[in-house]
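Numbers restart at 1 for each chain; the letters A, B, ... are given by sequence-line order, proteins then strands.
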2 protein chains.
Amino acid sequence: MGSGRVQPRALRPGGRTTRVRAQVLQAAGDVLAEQGFTHLDLADVARRAGVGKTTVYRRWGTVAGLVADLLIDMAEQSLPRTETGILLDDLKANAQLVRRTLADARQGSLFKSIIAAAMCDARAASAMHGFYDTRIAEWVPCVQQAIERGEVPQGTDTHKVIRAVSAPLYYHLLVTGDSIDETMADQAAQAAVIAARAGVYMRPGHS
Amino acid sequence: MGSGRVQPRALRPGGRTTRVRAQVLQAAGDVLAEQGFTHLDLADVARRAGVGKTTVYRRWGTVAGLVADLLIDMAEQSLPRTETGILLDDLKANAQLVRRTLADARQGSLFKSIIAAAMCDARAASAMHGFYDTRIAEWVPCVQQAIERGEVPQGTDTHKVIRAVSAPLYYHLLVTGDSIDETMADQAAQAAVIAARAGVYMRPGHS
């Protein structure tokens with residue numbers, strides 16, 4: 001992709017094991033962003049990371065195992081939610097965060113490659129679902145607080161509202177190929193709030 | 001996938017060329033649905049289709065060329081829109097059609113494989129965008145008629161409304177892995193109509 005290391009991994013304090021993991025996951029992310037899942041190879045990752053091949057094989061075992069660990073690390077390092085006290089503003093912040101991530105050359109390619117990996121490998125799919133569960137759960141309290149403030153109805157499915165914000169952005173990344181701009185991100189947040197207020201995303205048994 | 005040929009291709013009237021194309025595209029769709037894009041191989045497709053290898057290489061050239069022609073054929077064979085005179089009912093019909101397609105074992109796998117192909121091949125991506133442009137254009141008149149009836153505001157971006165219906169269904173297929181049920185499809189249509197009525201999907205310059 002030529003964009004280099006857009007977000008260099010900060011080395012966390014810790015011993016050699018922590019450093020090795022950081023180097024290996026950075027290299028794995030680079031390969032995924034630049035070349036895609038089908039080019040991910042443990043020996044190549046070890047060489048790029050400057051780490052012994054045996055260490056990489058022993059610790060991660062397979063490329064799917066490596067992708068799974070990368071997703072755990074991405075979930076741990078990802079940004080916390082924004083809380084403004086107004087649901088629309090919270091969800092706009094969420095939409096703009098997703099937009100910035102997907103519109104970034106390295107990150108957008110990395111996410112596409114991970115989604116492609118999940119299509120052909122069950123372990124990668126399971127790890128990816130775990131990553132998105134973590135990210136959605138991070139933002140769910142914004143909707144819960146909106147219910148408590150009376151902005152959206154009691155019985156609203158909080159997860160569905162957060163998912164409704166991301167859906168159009170991923171649809172454009174993966175299906176239509178349209179560029180994902182700020183207007184589109186704001187519209188995704190607006191549509192989610194208006195539909196939630198109207199009671200579209202009620203949990204079964206509420207109406 | 002083991003689901004076999006869910007929708008056997010009807011042979012259209014015509015000569016040997018038409019028959020050969022139908023056989024080759026059926027075989028290509030089978031490989032994509034059962035094994036994915038990385039397993040698509042012209043010689044294997046020729047063998048499955050019972051067609052000479054030279055014919056396949058001469059006519060389609062590359063696997064990306066074959067995927068591109070498959071998408072042209074899929075667009076030609078796809079179902080026309082539903083017109084009920086009520087936008088919500090039209091969009092529910094659209095959402096349920098997309099849901100049935102993506103929830104079908106063969107078709108869902110085929111679409112996933114095509115989207116994966118588009119991630120790693122520019123020609124497949126261009127063909128896929130052409131397919132979705134055709135499908136979205138087919139349903140746009142439903143929104144145009146709703147504008148004329150006064151159901152949604154003048155200046156509504158008709159394409160954005162149709163895309164808003166598909167977005168959550170593809171998001172679940174590709175990203176969350178959640179099953180796509182009838183309730184989710186109806187909610188996608190409801191959310192699109194409510195947001196369109198509220199003016200979320202206005203073209204720039206309208207407000």
Taking side chain as C-beta onward, heavy atoms only, is B:Val175 less than 4.5 Å from A:Leu174? yes
Which atoms of A:Ile114 are under 4.5 Å from chain B, going by heavy atoms: the side chain, the backbone, both sets, or neither? neither
Side chain to side chain contact (heavy atoms under 4.5 Å, CB included) evaluation trace for A:Met202 with B:Gln187: CA-CA 10 Å; A:Met202 300 300 277; B:Gln187 286 175 342; over 6 Å; no
With a 4.5 angstrom heavy-atom cut-off, could you sort out which part of B:Arg197 is near chain A: side chain, backbone, both or neither? neither
Considering only heavy atoms, which portion of B:Asp133 lies under 4.5 Å from any heavy atom of chain A: side chain, backbone, both, or neither? neither
Roughly how far, to the nearest 0.5 Å, is the OH atom of A:Tyr132 from the CG atom of B:Asp178? 13.5 Å
B:Tyr171/A:Tyr170 under side chain to side chain contact (heavy atoms under 4.5 Å, CB included): CA gap, chis, key distance, verdict: CA-CA 6 Å; B:Tyr171 176 67; A:Tyr170 277 90; 3.7 Å; yes
Within residues 121-131 of chain A, contacts to chain B at heavy-atom distances under 4.5 Å involve A:Met128, A:His129
At a 4.5 Å cut-off on heavy atoms, which part of B:Thr176 comes close to chain A: side chain, backbone, both, or neither? both
All heavy atoms of B:Pro168 vs all of A:Ala167, minimum pair found to be CA-CB, 3.8 Å
Give the member of A:Met119, A:Arg163, A:Gln190, A:Lys112 that has the highest number of heavy-atom pairs under 4.5 Å with chain B. A:Arg163
Portion of B:Ala164 that has a non-hydrogen atom of chain A nearer than 4.5 angstrom: neither
So which of B:Gly36, B:Ala196, B:Ser166, B:Ala118 has the biggest tally of heavy-atom pairs under 4.5 Å with chain A? B:Ser166
Atom pair SG/CD of A:Cys120 and B:Gln35 - distance to nearest 0.5 Å: 13.0 Å
Heavy atoms only: give me the nearest A:Ile194-B:Ala198 pair and the separation to one decimal. CD1-CB, 3.7 Å
Toward chain A, the part of B:Leu169 with a non-hydrogen atom under 4.5 Å: neither
Identify which part of A:Asp186 has an atom lying under 4.5 Å from any heavy atom of chain B, answering side chain, backbone, both or neither. neither
